[in-house]
Participant: 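I have a structure I would like to understand better, so I am pasting it below and will then ask my questions one at a time.
No hydrogens, no waters, no symmetry mates; every other heavy atom, side chains included, goes into these values. Throughout, numbering of the chain's residues begins at 1 and tracks the sequence.
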Amino acid sequence: MDQRQRRRAAGTAVAALAAALLCLALATWQPFRMAEMRVFDIFATLAPPSMSELAAKDDSVVIVAIDEPSFAEIGLRWPWPRDLHAQLIRALRRAGVKAIALDLILADPSTAEADGALAKALGPDVVLAADESLIETPHMSQLIRTEPLPEFVAAGARAGLASVVLDPDNVLRGMPAAADGFSLETVKAAGLSSIQEAPTGEFRRRLLIRPMGPARTYPTISYYQALAPETFLPPDFLKNKIVFVGRSLQMAVPAETGGADSFATAFTSATGLLVPGVEVQATIMDNLRYGLSIVEAGLPVTGLLIAIAALVAALIAWRPADLWTLGLGLGLVVCLVAISAVAFFFLQTFVSPLAPSLAVAAVIAPLAARDITQERAMRRDVTRAFGHYLAPALVERLARDPSGLKLGGERRELTILFSDIRNFTTLAESMKDEPERLTQLINRLLTPLSQAVLDRGGTIDKFIGDCIMAFWNAPLDDPDHAKRAVEAGLAMLGAVSSLNEELRQEFGGDAPRLAVGVGINTGICVVGNMGSATRFDYSVLGDAVNYASRLEGASKECGVPLLLGEATAAKITDRLAPLLVARVSVKGRSGVAPVYTVLSTETMADEKRQAFDAAVEEILAGCAPDKDAFNDDPELAGLLSTIARREERKRGLLRPFTPEGVEA
C-alpha cells in the first residue's frame with residue numbers, strides 16, 4: 001500500500017468512525033427518536049393484523065359506542081344516570097357477552113338510588129376504569145390516582161387503570177406498563193390470559209402498540225342498540241363477545257380539532273383522524289391476548305446496526321466515487337430498510353433503519369465529495385497541461401479517465417505528419433539581434449499550423465524547435481486518418497500563404513517570406529505514454545515515424561512543399577488526388593519508393609490522375625516532357641514542369657534549387 005492509499009484508508013476510517021458516533025448520539029436525541037417513530041408508524045400501517053383472522057381464533061370484540069344516535073334516542077344530557085348503565089349491563093349479560101369493560105370514570109357518587117342500582121348489576125365480569133394524573137407545581141410533583149366508587153369495587157367489579165402515555169409528538173404508541181391496566185383486567189375478566197409481557201433488559205426499550213386499523217375498525221353498535229339487542233341486533237350477535245363501552249363519536253374526530261378521550265395513533269398521519277379511547281383500549285387488549293405488540297430495540301442493537309452500516313459504507317467508499325458508489329450506497333440503505341421490515345413483521349421487533357441509513361450517507365457523502373473535488377482538480381490539471389498539445393478528444397478522454405496517464409503503448413496503424421520551416425537557420429541568423437521578434441514570428445506561424453492539426457482531429461506529439469510532429473488514429477479511432485492528415489497538411493500550406501500576406505502588409509518589402517515542408521506517412525507504430533516513471537509524453541514510435549520525417553526533408557529536393565508516402569497515397573486515392581512526383585531513396589531504407597503530393601482537397605478523375613502519373617514516369621525514365629500536356633489545367637502543368645526541371649537539374653542541365661524550392 002503506497003502513501004496515497006494509506007491516506008485514503010485513514011480518511012475513510014475516520015469518516016466511518018465519526019459517522020457512527022454521530023448517528024449513535026442522534027439515536028438518543030428525543031427529536032430524532034420521534035422521527036424514528038414515524039418510520040414505525042409507516043410499518044404499522046402497511047399491513048395491520050387481520051380482524052377476521054383474529055376473530056376466528058378467539059372471541060372477538062364489539063364496541064358499544066356512546067355516540068350521537070344514542071344521545072338522540074335516549075334523550076338525556078351527559079352524564080347519564082347510572083341505573084341506565086346497570087340496565088345496559090343486564091341487557092348485555094342476557095345477550096351472552098363474556099366480559100364488559102366500561103371505559104368510564106365513575107369516581108364521584110351520583111344519587112343513592114342510581115349508584116345502588118349499578119352496584120347490584122356489577123360483578124367480576126365487569127371492568128371499571130381508573131385514572132392516573134400527574135399534578136405539577138413549582139414546588140412539587142404529585143401522582144394522583146382516581147378509583148371507581150368503593151361500593152362498585154365491593155360489589156365485585158374489577159378496576160383497571162385506563163391511563164395511557166403519549167409520545168412527545170402526542171401520538172399514542174407505547175403499551176401501558178401498569179400491572180392492573182384496564183385492558184389487562186378485561187382479559188382476566190373474560191377468563192383469558194395475556195401472552196406478552198413488558199420487555200426487560202438493556203437490549204429492549206418498551207412494547208409498542210400494533211394498531212388494528214384506523215377509527216371504527218372494530219365492529220361498533222350504538223349504546224341504545226345494546227340496551228335492547230333483541231330488538232336492534234341479529235340473534236346471537238353479542239354472544240361470547242367482549243364488549244367495550246365508551247364514548248365514540250359516529251364521525252371520527254379530526255386530528256387538528258381533537259376531542260375528549262380521543263388519541264392520535266400510527267394511522268392518524270395517514271387518515272388525519274383521531275381514534276376513540278374505547279377503541280384504543282380494545283386494541284391494547286388484543287395486543288396482549290394475541291401477542292401482537294412490537295418490541296422496540298434498545299440502544300445496543302441500534303448501535304450495532306449503525307456500526308455495521310458505517311463499516312459496509314466505508315468499504316463501498318474505499319474505491320473512487322462514481323455512479324456505482326451511489327448505486328451501492330442506495331442498495332445498502334434499501335437492505336437496511338428491508339432488514340428493519342423483516343424484523344418488524346416476522347420477529348415483532350422494531351429496529352429503526354433511520355440512524356443506520358444516515359450513517360451510510362454520512363460516510364459516503366463526504367468521501368464522495370472529496371473524490372469529486374479531487375477528480376475535478378485533476379481534470380483541470382490534465383486539461384491545463386495537455387490542452388495545448390493534444391486533440392480536444394484526447395484531452396476530454398484523459399480528463400474523464402486520468403488513469404490513462406501511465407507508461408505503456410499499443411500497436412496500431414497511424415498517419416504521421418512532420419512539418420518544418422524552410423530556411424530557418426538563415427532566418428534566425430538574419431534576426432539574431434531581435435530574438436523577441438523571431439520568437440513572435442515563429443509563434444505566429446506555429447499557432448495556425450497547430451490549429452490545422454487540432455481542427456482535423458490530430459494529436460500534436462511535440463514541437464522540435466521549428467518542427468511540428470503530429471499523428472492521427474490515436475488515441476481515438478479515426479477511419480479517415482490518412483485523409484485528415486493530408487487535409488491538415490494542405491491547411492498548413494494555406495496558413496503559411498495567409499501569414500506571408502499579413503507580413504507583407506505589415507512590413508512591406510522587408511517582410512520575411514516563410515515556407516514549410518510537410519511529410520506524411522502511414523504505417524504500423526507503437527503509440528502510448530513513453531518516457532520514465534516520473535516524466536513521460538503521449539508519443540509514437542516506429543519505422544513509419546522515421547519515414548515521415550525523411551519525407552519532410554525530401555520534399556525540398558522533390559521541389560514540392562507536401563510529400564506523401566506510398567501507403568498514405570494508397571489510402572486516399574478514392575477521396576483525394578495523390579500525384580506521383582518522384583521515386584526516392586531515404587536514409588536508413590534500402591531501394592527506392594514512389595512519393596506523391598496533393599494539390600488540393602478536390603477530387604480528380606482517375607483517367608486524368610493516371611495520365612499525369614504516366615507522364616511523370618516518362619520524365620523519371622529520362623524522356624523529355626510533353627510541353628503541351630495538361631494545358632487545360634495550369635496547376636498540373638506547373639507541377640509537371642517543376643518535376644521535369646528537377647530531373648534535368650539532377651543531370652546537370654539546370655542550376656540547383658534554392659532552399660526555398662525555386663530555381664536559383
Side-chain angles (χ1 to χ4, degrees), residues 58-66 79-80 82-108 110 114-115 117-133 145-164 172 175-197 209 212 218-221 223 226-227 238-248 261 263 275-290:
D58 206 338
D59 303 320
S60 58
V61 173
V62 173
I63 304 294
V64 174
I66 301 173
W80 291 337
R82 290 174 181 171
D83 53 356
L84 186 64
H85 298 323
Q87 181 182 343
L88 175 70
I89 292 172
R90 288 192 293 270
L92 292 175
R93 284 202 185 108
R94 288 195 306 271
V97 301
K98 211 168 191 180
I100 304 168
L102 287 175
D103 188 17
L104 303 171
I105 304 298
L106 305 175
D108 299 321
S110 60
D115 290 343
L118 179 58
K120 289 180 181 178
L122 296 175
D125 60 339
V126 179
V127 182
L128 302 178
D131 188 31
E132 209 170 54
S133 57
R145 177 160 176 150
T146 303
E147 296 281 356
L149 285 175
E151 61 184 288
F152 294 158
V153 177
R158 297 172 180 270
L161 186 62
S163 300
V164 293
L172 176 61
M175 288 284 291
D180 61 342
F182 183 75
S183 298
L184 183 59
E185 291 298 323
T186 304
V187 171
K188 295 176 182 178
L192 305 174
S193 60
S194 172
I195 62 174
Q196 196 164 19
E197 298 179 355
I209 299 173
M212 311 301 291
Y218 283 96
T220 302
I221 60 175
Y223 190 100
L227 286 173
L238 294 174
K239 187 175 183 179
N240 292 326
K241 298 294 193 296
I242 301 172
V243 174
F244 280 80
V245 183
R247 298 194 65 172
S248 176
D261 199 25
F263 303 94
V275 177
V278 65
E279 290 192 50
V280 168
Q281 296 297 338
T283 301
I284 294 173
M285 188 198 71
D286 278 344
N287 273 250
L288 290 171
R289 65 174 177 153
Y290 294 126

Participant: CE of M175 to OG1 of T283: how many Å apart, nearest 0.5 Å?
Facilitator: 10.0 Å
Participant: Is there side-chain contact between L288 and M285, with at least one heavy-atom pair below 4.5 Å?
Facilitator: no
Participant: Under the side chain to side chain contact (heavy atoms under 4.5 Å, CB included) test, which residues partner S133, sequence neighbours left out?
Facilitator: I135, I144
Participant: To the closest 0.5 Å, what do you measure between CG (L128) and CG (D103)?
Facilitator: 10.5 Å
Participant: Nearest heavy-atom pair of A159 and E147: which atoms, and what distance?
Facilitator: CB-OE1, 3.8 Å
Participant: Grab the two heavy atoms, one from A91 and one from A226, that are nearest each other, plus how far apart they are.
Facilitator: CB-O, 3.5 Å
Participant: Here's a test for you: under salt bridge (charged side-chain N to carboxylate O under 4.0 Å, His left out), which of R158, K98, R93 qualifies with D125?
Facilitator: R93
Participant: State which residues pass side chain to side chain contact (heavy atoms under 4.5 Å, CB included) with D180; sequence neighbours excluded, sorted by chain then number.
Facilitator: R145, L161, A178, E185
Participant: What is the minimum heavy-atom distance between A155 and A119, and which atoms define it?
Facilitator: CB-O, 3.2 Å
Participant: Mind checking what makes side-chain hydrogen bond (donor to acceptor under 3.5 Å, both in side chains) contact with R90, not counting sequence neighbours?
Facilitator: none
Participant: Find the distance between CD1 (I284) and CD (E279) and round it off to the nearest 0.5 Å.
Facilitator: 12.0 Å
Participant: How about L192 and I242: do any of their side-chain heavy atoms sit closer than 4.5 Å?
Facilitator: yes
Participant: Taking the side chain as C-beta and beyond, is there a heavy-atom pair between L149 and R82 under 4.5 Å?
Facilitator: yes
Participant: Keeping the roles fixed (side chain from S163, backbone from E132), state whether a donor-acceptor pair exists under 3.5 Å.
Facilitator: yes
Participant: Would you check if F244 and Y218 make a side-chain contact, meaning some heavy-atom pair closer than 4.5 Å?
Facilitator: no
Participant: Start with the C-alpha distance between I209 and V164, add both sets of side-chain angles, then the distance that settles side chain to side chain contact (heavy atoms under 4.5 Å, CB included), and finish with yes or no.
Facilitator: CA-CA 11 Å; I209 299 173; V164 293; over 6 Å; no
Participant: For the side chain to side chain contact (heavy atoms under 4.5 Å, CB included) test, which of I89, V64, V127 pairs with L102?
Facilitator: I89
Participant: Rounded to the nearest 0.5 Å, how far apart are CG of L106 and CZ of F152?
Facilitator: 6.0 Å
Participant: Rounded to the nearest 0.5 Å, what separates atom CD1 in I66 from atom NE2 in H85?
Facilitator: 6.0 Å
Participant: Nearest 0.5 Å, please: how far is CD1 in I100 from NZ in K241?
Facilitator: 14.0 Å
Participant: Mark yes or no for whether Q281, through its side chain, and A162, through its backbone, hold a donor-acceptor pair below 3.5 Å.
Facilitator: yes
Participant: Evaluate the side-chain proximity of D115 to E151: yes if any heavy-atom separation is below 4.5 Å, no if none is.
Facilitator: yes
Participant: If you look at every heavy atom in L184 and A179, which pair is closest and at what distance?
Facilitator: CD2-O, 3.3 Å
Participant: Taking all atoms of both residues into account, what is the closest heavy-atom pair of T186 and A101, and its distance?
Facilitator: OG1-CB, 3.6 Å
